[in-house]
Amino acid sequence: MIESQCRPQFNGLELLEDAQLNKRILSTGCERIDLLLQGGLRVGHVTELAGPSSSGKTQVCLKVASHVARKYSGTVMYFDSGNSFSPKRIVQFLTQESDPANTEVDEIVQRVMSSIVCYSIFDIFTLLDMLHQLMNNLKSEIGCNVRMLIIDSLSSLIAPVLGGGGAHGHALMVTAGFLLKELAHEHNLSIVVTNHMVAGEAGSSKPALGDSWKSIPHVRLLLHRYRATNDSCISILKHPYLNCITVPRALNL
Amino acid sequence: MTSAISWIKVDETAKAALARILTERPSVVLPPPLHRLALRVGNVVEIVGPSPSAKTLILIQTSINCILPKEWKGVQYGGLERPVLFVDLDCRFDVLSLSHALERRITGAYRVRSGVKGNENEYDKELFVACMSRFLYTRCYNTFEFLATLRTLPYRLQKEKEKQGSAVYMLMIDSIGAFYWMDRALPSSSTGSNNRKSLSLQTVAESIVQEIQRLLLVHPMLVLAAKSAAFGDKQSTTHVIRNSGKRFDDKVLDSGGPQKPSYRDYMPSIWQSFVSHRILLRASDGESKHQTHPSFMTEWLLPPLKFSDKFIVNDDGLLVTL
């Protein structure tokens, strides 16, 4: 009875086994990002993509959605808060990737488009509702097998409720964060969220959502676009075991 | 009459008591950067630092030190050979970082002893399995799960003790302040029911401290709690902006005084008074030769020591003091 009432206790070997069996690595479709992350996005991790506006965050999200839906079986859930989800762009990515054999491409496009599910969400309460619903569906195993969840952009849902004197904004943010972590770990999803930048100390910019958000994502990536060359580059801000100060890798998007 | 006299008679002299305590609860020196003070079972150490600052890494290194045996097949590892319980409240623990670090430690020690690469894999597996089975792990996603876990811990630890033969020596809590914002926004109960205790940050903290104290009575352990902290406040950031015109001199910053950003504790006072030792971590402005590795500074706040250590996280993920 005690075992059923609270969270189970594992030892190191059981954790390793679970990590090797369930927590696979999903390739992102962008070679450079895969190289940077030594494989790709890990199942069970919440990955944050931070960057100033038009640095390519949505493009990376769309590319990852199309690649994961194509390569791995399972649904990709896309929560869109800024009407930036573009089916045309996904088809573009798919046709770019595959060889010019016409009939196959159509089939692939058909299959991929039916495994990406997109929801428009415009406030934090709807987000929490959707996450709870997803959790219930996964617990009772109805609906299809979800592989990945992308929230673009999480910061635009949370930033309006932060600030002011009350603690409720932070409480909502931290609750959403823990829900995401639980979904990722207990139900073997990989979660990608995007974040924008705000002005920091001495003229530099830093990711939004403040200090309390810093301890929620497992992996934090920073996207940066150079105006002169129109080239994007990505670097790691925080990772459980990779060294944080890595050379920024230029992307081709 | 005899019972009253026996009540007044001394139980043992202070010398005998000290000898008994030193043998039953010996002090242990943890790996750097916690090596400045000898700690004993029953101490509650709080490791405070902004994110990111190697706190989880310190907990992992200390766990590895605890689960390794002192000596295995002729190779010295210098460990305590006792189980460790890791309560993950941050839910960000990655078992691969623990297993890689443990493997590196085992192969490193073996290589030191025999200069040759030999059959290290054989030694790895058996010892590795034995060590990993001494690492116990639980994670909680909110305060209620944490309290439920603490309530059932005495029973579970008893079962583990019978299974493994030795009692858990360390309790690690990753991020004791993880649920702070959720607890602050807890709705207090309506005035209707007077019997139930109203939920609030204070009562939650009281319950946590009570449960841990009860746990320590039955299973004495060394408690290490990590906590993420925010530095400074609005005043200090404007102060920094004013200074940005001047040339920054490392020596001026290190001399302390009003330029050091202040550290504010946000945990309720009952937790603050429960903590017996506190160490502060801070990212230090790196010197040019160490720029490839993140470097940190430590400072013992409780008991306040006058000097601070510097350490870096090298490529292997180990903490190396400078």
Side-chain angles (χ1 to χ4, degrees), chain A residues 1-3 5-20 23 42 44-46 166-175 177-186 200-203 210-220 237-247, chain B residues 50-52 56 67 83 85 90-102 129 131-142 145-149 151-153 155-156 160 175 177-186 228-231 237 240-241 244 291-294 313 315 317:
Chain A
M1 198 209 90
I2 287 190
E3 302 297 323
Q5 287 302 317
C6 47
R7 291 278 163 188
Q9 196 178 48
F10 300 106
N11 73 16
L13 294 168
E14 292 163 7
L15 283 178
L16 255 187
E17 209 186 294
D18 171 63
Q20 278 158 356
K23 308 282 190 279
R42 197 176 182 88
H45 276 191
V46 174
H168 295 286
H170 283 95
L172 287 171
M173 176 173 76
V174 172
T175 316
F178 273 96
L179 258 181
L180 290 175
K181 287 201 265 209
E182 195 177 343
L183 273 171
H185 190 264
E186 307 292 328
E201 292 169 17
D211 282 333
S212 351
W213 172 255
K214 279 188 188 167
S215 58
I216 296 189
H218 294 84
V219 178
R220 304 184 79 203
L237 278 179
K238 185 184 178 76
H239 195 282
Y241 47 85
L242 290 179
N243 205 349
C244 292
I245 310 193
T246 45
V247 177
Chain B
S51 167
T56 311
I67 56 183
L85 175 62
D90 235 4
C91 308
R92 275 189 313 167
F93 181 74
D94 201 329
V95 68
L96 291 180
S97 48
L98 173 74
S99 69
H100 288 158
L102 184 61
V129 165
C131 288
M132 287 300 263
S133 58
R134 273 184 227 130
F135 183 82
L136 307 166
Y137 174 85
T138 311
R139 56 160 60 185
C140 305
Y141 291 101
N142 55 48
E145 290 181 8
F146 183 41
L147 285 172
T149 308
R151 264 288 158 92
T152 59
L153 264 187
Y155 167 73
R156 282 177 167 176
E160 279 300 322
S175 248
F179 307 131
Y180 171 73
W181 288 108
M182 293 202 284
D183 293 339
R184 243 183 89 168
L186 278 175
S228 63
F231 272 110
T237 44
V240 167
I241 290 170
S244 59
Q291 235 160 25
T292 48
H293 297 295
V313 182
D315 288 327

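The figures that follow rest on heavy atoms only: side chains count, while hydrogens, waters and symmetry mates do not. Here is how names work: the chains are called A, B, and so on, in the same order as the sequence lines, proteins then strands, and each is numbered from 1. Given the structure is predicted, the values throughout are model-derived calculations rather than measurements.
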Need one label for [X]: side chain, backbone, both or neither, based on atoms under 4.5 Å from any heavy atom in chain A.
X      : answer
B:L153 : side chain
B:D94  : side chain
B:F179 : side chain

Answer whether the closest heavy-atom distance between the side chains of B:E160 and A:Q9 falls below 4.5 Å.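 With C-beta onward as the side chain, the pair touches.
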Atom pair [atom1] ([X]) and [atom2] ([Y]), whose distance is rounded to the nearest 0.5 Å:
X      : Y      : atom1 : atom2 : answer
B:E145 : A:E182 : CD    : CD    : 6.0 Å
B:T138 : A:F10  : OG1   : CZ    : 8.5 Å
B:Y137 : A:N11  : OH    : CG    : 13.0 Å
A:L16  : B:L98  : CG    : CG    : 8.0 Å
A:E14  : B:M132 : CD    : CE    : 11.0 Å
A:R7   : B:T152 : CZ    : OG1   : 12.5 Å

Output yes when a side-chain donor or acceptor of A:H218 lies under 3.5 Å from a complementary backbone atom of B:C91, and no otherwise.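 Checking the backbone N and O of B:C91 against the side chain of A:H218, a donor-acceptor pair under 3.5 Å is found.
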Would you sort out whether A:K181 and B:R139 count as a side chain to side chain contact (heavy atoms under 4.5 Å, CB included), showing the intermediate values? CA-CA 11 Å; A:K181 287 201 265 209; B:R139 56 160 60 185; 5.6 Å; no
Segment of A:R42 engaging chain B (4.5 angstrom heavy-atom cut-off):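 The side chain, not the backbone.
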Identify which part of A:I216 has an atom lying under 4.5 Å from any heavy atom of chain B, answering side chain, backbone, both or neither.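 Only the backbone of A:I216 comes within 4.5 Å of chain B.
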On the 0 to 90° scale, with breaks at 30° and 60°, tag the A:H170-B:W181 ring pair as parallel, tilted or perpendicular.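 Answer is parallel, since the angle falls under 30°.
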Please report the closest heavy-atom contact between A:H168 and B:A185, naming both atoms and the distance.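 The pair with the smallest heavy-atom distance is ND1-CB, 3.9 Å.
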Which atoms form the tightest heavy-atom contact between A:E186 and B:Y141, and what is the distance?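 Looks like OE2-OH, 2.9 Å.
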Let's test your reading of the structure: which of B:S175, B:C131, B:S133 forms the most heavy-atom pairs below 4.5 Å with chain A?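 The answer is B:S133.
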Return the option, out of B:N142, B:V129, B:D183, with the maximum number of heavy-atom pairs under 4.5 Å with chain A.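 Top count of heavy-atom pairs under 4.5 Å with chain A: B:V129.
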Under a 4.5 Å heavy-atom cutoff, which of A:A171, A:A19, A:G177 has the most pairs with chain B?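 It is A:A171.
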